[in-house]
Amino acid sequence: MNSPEQPLPSFDEVLLCTPQTSAEQVGLFLRRCLIPCQGGDKIYTMLYADELSYDVSCRAEELFQHLQCYNSSYRLIILCNCERENSYLLSAFSHCKVHMIPQRSRAEIQQYLQHHFRVAQPSSSAAAVFKEHMCVGIVSSKRAGMGK
């Protein structure tokens, strides 16, 4: 986010974890992160790593310990819910823990995201329904089940 032209992460740089995330999915992600290849400027991020099952977390830690010797300059961020920091994977990496405080204001972050999510040529697409021709949007309601 240092410059508005800096791209958003690509699909291979982010793993959104759920309780259903398999050890294979985590393994493929860690291999992309830890095995050196061209284009090594990527920052890999595991979101909601605290959601992983105990078995998947154990296997992920073992694979990480095995693969980290191949690449000493990897960039991996593991984000979690601070209320669930006692999960296995987060405990295993507790020596690397950093409490994150955003370095940019909320307005700057919103402006950066708007720059990347705006449809260049408004056409008859779904972006026409969102504010300022954004290709993503959040629809919410205070009343559940109202047909959003």
Side-chain angles (χ1 to χ4, degrees), residues 1-120 125-127 129-142 144-145 148:
M1 228 184 91
N2 292 328
S3 128
E5 301 310 314
Q6 197 171 18
L8 291 169
S10 62
F11 70 94
D12 65 330
E13 293 176 84
V14 179
L15 178 64
L16 180 60
C17 301
T18 68
Q20 291 75 36
T21 302
S22 69
E24 182 181 6
Q25 290 170 311
V26 175
L28 290 171
F29 179 78
L30 289 174
R31 283 180 177 83
R32 281 195 301 266
C33 174
L34 296 168
I35 295 178
C37 64
Q38 296 166 337
D41 292 343
K42 293 183 176 189
I43 300 173
Y44 293 89
T45 307
M46 289 178 71
L47 298 170
Y48 304 115
D50 53 296
E51 295 280 332
L52 294 174
S53 71
Y54 180 81
D55 181 49
V56 171
S57 296
C58 289
R59 292 176 63 186
E61 182 199 11
E62 289 173 12
L63 182 60
F64 177 85
Q65 299 299 338
H66 175 73
L67 293 176
Q68 75 174 358
C69 64
Y70 292 106
N71 187 358
S72 61
S73 63
Y74 64 89
R75 299 195 291 181
L76 174 63
I77 298 169
I78 301 174
L79 294 175
C80 65
N81 182 342
C82 64
E83 295 173 3
R84 295 194 58 194
E85 2 182 14
N86 59 349
S87 67
Y88 180 85
L89 195 60
L90 303 177
S91 297
F93 289 99
S94 63
H95 63 284
C96 303
K97 182 172 35 175
V98 175
H99 289 282
M100 171 61 185
I101 298 172
Q103 300 297 311
R104 304 281 186 198
S105 70
R106 183 177 185 172
E108 288 176 305
I109 294 170
Q110 287 175 334
Q111 186 176 13
Y112 172 79
L113 292 173
Q114 284 176 349
H115 172 78
H116 287 286
F117 289 128
R118 184 169 286 122
V119 175
S125 72
V129 297
F130 291 116
K131 181 180 168 184
E132 299 176 7
H133 302 288
M134 295 291 132
C135 62
V136 296
I138 297 174
V139 177
S140 65
S141 173
K142 292 181 180 174
K148 293 179 283 302

(request) Taking atom types as modelled, find out whether Ser53 and Asp55 have a side-chain donor-acceptor pair closer than 3.5 angstrom. (result) no
(message) Measuring from atom CD of Gln103 to atom CD1 of Ile109, what distance do you get when rounded to the nearest 0.5 angstrom?
(response) 10.0 Å
(request) Of all the heavy-atom pairs spanning Gln68 and Tyr74, show the shortest one and how long it is. (result) OE1-OH, 3.8 Å
(request) Please answer whether the main-chain N or O of Ile43 pairs with a side-chain N or O of Glu13 as donor and acceptor at a distance below 3.5 Å. (result) yes
(message) Once you measure the plane-to-plane angle for Phe93 and His95, does it fall in the parallel (<30°), tilted (30-60°) or perpendicular (>60°) bin?
(response) parallel
(request) Return the minimal non-hydrogen interatomic distance between Val26 and Ala60, and the atom names on each side. (result) CG1-CB, 3.5 Å
(message) Rounded to the nearest 0.5 Å, what separates atom SG in Cys17 from atom CG in Leu79?
(response) 10.0 Å
(request) Could you grab the distance from atom OH of Tyr88 to atom CZ of Arg59, nearest 0.5 Å is fine? (result) 13.0 Å
(message) Taking CD in Gln65 as the centre, count heavy atoms belonging to other residues, nucleotides or ligands within less than 6.0 Å. Is the count above 12?
(response) yes
(message) Are Arg106 and Gln110 packed together at the side-chain level, in the sense that at least one heavy-atom pair is separated by less than 4.5 angstrom?
(response) yes
(request) Count the heavy atoms belonging to other residues, nucleotides or ligands that lie under 6.0 Å from CZ of Arg32, then report whether that count exceeds 12. (result) yes
(message) Within the structure provided, determine whether Ser73 and Asn71 are in side-chain contact (heavy-atom separation under 4.5 Å).
(response) yes
(message) Is there a side-chain contact between Leu8 and Leu113 in this structure, where contact means two heavy atoms from C-beta onward sitting under 4.5 Å apart?
(response) yes
(request) Identify the two heavy atoms, one from Ala49 and one from Ile78, that lie closest to each other, and give their separation to 0.1 Å. (result) CB-CG2, 3.3 Å
(request) Provide the closest heavy-atom pair for Cys33 versus Leu76 in the form atom of the first, atom of the second, distance. (result) SG-CB, 3.8 Å
(request) Drop me the distance from Met46's CE to Leu89's CG, to the nearest 0.5 angstrom. (result) 5.5 Å
(message) Looking at every heavy atom in both Thr18 and Thr21, which two are closest together, and how far apart are they?
(response) N-OG1, 2.8 Å
(request) Nearest 0.5 Å please: distance from the CG atom of Leu90 over to the SG atom of Cys96. (result) 11.5 Å
(request) With rounding to the nearest 0.5 Å, note down the distance linking SG in Cys58 to CG in Leu63. (result) 13.0 Å
(message) Tell me whether Asp50 contacts the main-chain N or O of Asn81 through its side chain, where contact means a donor paired with an acceptor under 3.5 Å.
(response) yes
(request) Search all heavy atoms of Leu15 against all heavy atoms of Gln25 and return the closest pair with its distance. (result) CD2-O, 4.4 Å
